[in-house]
**Student:** 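Got a structure for you, written out below as structure tokens; questions coming shortly.
Naming: A, B, ... by sequence-line order, numbering from 1 per chain.
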Amino acid sequence: MINEHMQVVFDYPDSLTDATMTYCPGCTHGIIHRLIAEVIDELGIRERTIGVAPVGCAVFIYNYFDTDFAEAAHGRAPAMATGIKRVLPDRIVFTYQGDGDLAAIGTAEIMHAAARGENITTIFVNNAIYGMTGGQMAPTTLPGMQTTSSPSGRDVEVQGYPIRVAEVLAQLPGASYIVRRSVHDPGNINKTKKAIKTAFQVQLHHAGFSLVEILSSCPTNWGLTPEAALQFVKERMIPYYPLGDYKVAEAVKTIVQ
Amino acid sequence: MKELWKGNEAIAEAALRAGLEAFFGYPITPQNELLEYLSQKMPLLKRAFVQAESEVAAINMVYGAACAGARVMTSSSSPGISLMQEGLSYIAGSEVPVVFVNVMRGGPGLGNIAPSQGDYFQMTKGGGHGDYRPIVLAPASVQEAAQLTFLAFDLAEKYRHIVGIAADGNIGQMMEPVELPPPRPIEKRDRGWELTGARGRPRRIISSIYLDPQVLHNFNVHLQAKHREIEKNEVRYSEFMLQDADYVIVAFGSSARAAQSAVRLARQDGIRVGLFRPISLYPYPYARLAEISRRVRAMLVVEMNAGQMIEDVRLAVAERVPVRFFGRMGGLVPFPEEVLAEVRELEKSI
């Protein structure tokens, strides 16, 4: 019971359902889901938000959010979100995509959604691996990193280089807000939430395309304990994928705080 | 009042009048005028138009807009329709209404930009992965292209299904006098499944994933029941001089025009031949064709391909009478005199 001497300091977000998440122990998808739900709650937009789900570990994201949701084909979420947003411009439309979905099979769709300045928000979860299919090499797999389809480690001479998505998209004039964050410790989790909130605010102000790339861990497919996986994000991923703001359009600067 | 319209533009205008709210497409010959026409008209009417980065993206934009409840369409030509099969399969699996137009050209591969009917299999047998078939309507004139396009939206919405217009380069490019249907207003509807934001109602999910095999089986049973319903209600065809016919030409779309001229020529020679023209390619008019096969001596199938619809004709005819084939490929169009020569051969062979 809450009385006048007590206050709520921690609660379950309204925008999450009470479904049990099916993510592996130590996976950071759950943290990112919660951050998005908190932002949707704080902005009061749950009843006008439509999510577009990816193919990958987050394929069942629609079970966890108490918002309308569509399930896209692999990589096509930005195209689907475009279709929804163009016919319902006053709704808030976001895609949630992993690195295989967004940076391999869906490269054209994300590039052109950004180039059009499509007024949608993309949450891009980069864990450098194909999680759901069992740990194959992703477009963001680090040089030398072992996966089930690069068993000797990614050889850049043969398999090419990982793609730095935030840096690439930031080059497009249509992109308004492109940043990279990480969820490997509480301080960075808070910064990630702030960026997600800004990204949704960009859309609320009709200010164009927004994307938050979030470095995430995959203990199961990296073959590491949850703690060691977070350490891997900090020590191995961040040097290749530096955190920061890659594009903050002038219009966005006036929106934020 | 009849006006002179180019096929592609008549289809576009008919779609507008049917209440088209969103169009997503990608340029490809010979359907470009359709996209160009809508690129001009849609913004004026404050309706959605996007020239996508590919046919893959275009069909997924269509999928998104359909999920949001909009009356939506795309158009393309054969190679582009191949690229759209992924999205079409998801659309079938999600049961959202979508109309697509295929202004068919010569294939396989890059082929050419001349008229063809080489996508009969792809259009009518599913096209993408899994068990579904779009409703397919094949116009034989610009007038009919406009009418069937208007109808396509009603059928798509009635069955929450895909409707494909199987046109070809002839229909898309030629000009004919057309009386267009009057425009109808766009009314906002909530049919209980659209994604519009969960305001004052439980959330809605549109998806084509059913991980549990039994659940996916049950969904497919439901989908097939819908197909049976479509087969019961939506068979369309046209007949020409069939009453006293000894021989029947079966042809659809622009091949049927050459066939109809051949019927006239043959009648002048005293050969009693008629034309059977399927308008709905799925559902195919098997029953009517079976009936006809019981009272004629032989059939000739004319197509602008290597013989695709002929498989459905043979299913209907069940070897009751001989079925001969005349096909032109590569974008060649059959001439009435060529078809007449085939009719004579058919007569001789009996």
Side-chain angles (χ1 to χ4, degrees), chain A residues 14-17 19 22 40 44-55 59-93 95 105-116 118 120 132, chain B residues 20-24 26 42 46-72 74 84-91 93-94 96 98 128-129 186 188 193-211:
Chain A
D14 286 342
S15 295
L16 285 184
T17 64
T22 50
I40 291 173
I45 54 172
R46 186 189 71 80
E47 293 187 328
R48 60 181 179 119
T49 294
I50 302 170
V52 184
V55 172
V59 69
F60 292 121
I61 186 173
Y62 52 75
N63 285 332
Y64 312 134
F65 277 79
D66 194 16
T67 63
D68 278 6
F69 242 101
E71 171 61 59
H74 198 25
R76 318 292 178 224
M80 221 179 158
T82 298
I84 296 169
K85 187 74 182 186
R86 290 289 178 125
V87 298
L88 297 173
D90 60 342
R91 304 307 197 280
I92 303 305
V93 183
T95 74
I105 196 166
T107 317
E109 284 77 9
I110 196 67
M111 287 280 285
H112 285 271
R116 285 191 302 269
E118 208 62 60
I120 60 172
M132 189 180 69
Chain B
L20 182 72
E21 293 170 275
F23 179 92
F24 306 93
Y26 186 84
M42 294 294 270
K46 297 198 172 2
R47 303 183 192 178
F49 175 94
V50 177
Q51 181 175 322
E53 61 270 27
S54 68
E55 289 89 349
V56 175
I59 194 66
N60 283 285
M61 290 175 188
V62 165
Y63 185 16
C67 288
R71 197 166 279 162
V72 59
T74 185
M84 289 184 182
Q85 295 305 332
E86 174 198 54
L88 288 169
S89 172
Y90 280 71
I91 288 163
S94 305
V96 291
V98 160
H129 58 285
I186 295 172
K188 271 292 149 207
W193 53 264
E194 298 91 341
L195 306 182
T196 51
R199 174 163 306 199
R201 60 160 173 78
R203 73 201 166 108
R204 292 173 184 165
I205 294 161
I206 294 182
S207 159
S208 62
I209 187 170
Y210 300 91
L211 269 198

**Student:** At a heavy-atom separation under 4.5 Å, does A:Val59 approach chain B through its side chain, its backbone, both, or neither?
**Tutor:**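 The side chain, not the backbone.
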
**Student:** Please determine which of A:Thr82, A:Ile84, A:Ile61 meets the side chain to side chain contact (heavy atoms under 4.5 Å, CB included) test together with A:Val52.
**Tutor:**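 So, applying the side chain to side chain contact (heavy atoms under 4.5 Å, CB included) to A:Val52 and each of A:Thr82, A:Ile84, A:Ile61, only A:Ile84 qualifies.
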
**Student:** Side chain from CB out, backbone as N, CA, C, O: work out which of these in A:Ala77 comes under 4.5 Å of a heavy atom of chain B, or both, or neither.
**Tutor:**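 Contact with chain B: none, neither part.
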
**Student:** Side chain, backbone, both or neither: which part of A:Phe60 has a heavy atom under 4.5 Å from chain B?
**Tutor:**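 Contact with chain B is through the side chain of A:Phe60 alone.
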
**Student:** Given heavy-atom pairs under 4.5 angstrom as the criterion, report whether the side chain, backbone, both or neither of B:Arg47 touches chain A.
**Tutor:**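 When you check distances to chain A, no heavy atom of B:Arg47 falls under 4.5 Å.
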
**Student:** Looking at B:Glu21 and B:Lys188, does any basic side-chain N land under 4.0 Å from a carboxylate oxygen?
**Tutor:**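 A salt bridge links B:Glu21 with B:Lys188.
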
**Student:** With a 4.5 angstrom heavy-atom cut-off, could you sort out which part of B:Leu211 is near chain A: side chain, backbone, both or neither?
**Tutor:**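 Answer is side chain: those atoms of B:Leu211 sit under 4.5 Å from chain A.
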
**Student:** At a heavy-atom separation under 4.5 Å, does A:Arg91 approach chain B through its side chain, its backbone, both, or neither?
**Tutor:**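 The side chain, not the backbone.
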
**Student:** List for me each residue that meets side-chain contact (heavy atoms from CB on, under 4.5 Å) alongside A:Thr22, sequence neighbours excluded, and say none if there are none.
**Tutor:**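 By the side-chain contact (heavy atoms from CB on, under 4.5 Å) rule, A:Thr22 matches A:Tyr64.
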
**Student:** Please name all residues satisfying side-chain contact (heavy atoms from CB on, under 4.5 Å) with B:Glu194, sequence neighbours left out, ordered by chain then number.
**Tutor:**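 Counting only residues at least two positions away or on another chain, B:Glu194 forms a side-chain contact (heavy atoms from CB on, under 4.5 Å) with B:Asp190, B:Arg191, B:Thr196, B:Arg204.
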
**Student:** Is the ring pair B:His129/B:Tyr90 parallel, tilted or perpendicular, if the boundaries are 30 and 60 degrees?
**Tutor:**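 It falls in the perpendicular class, over 60°.
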
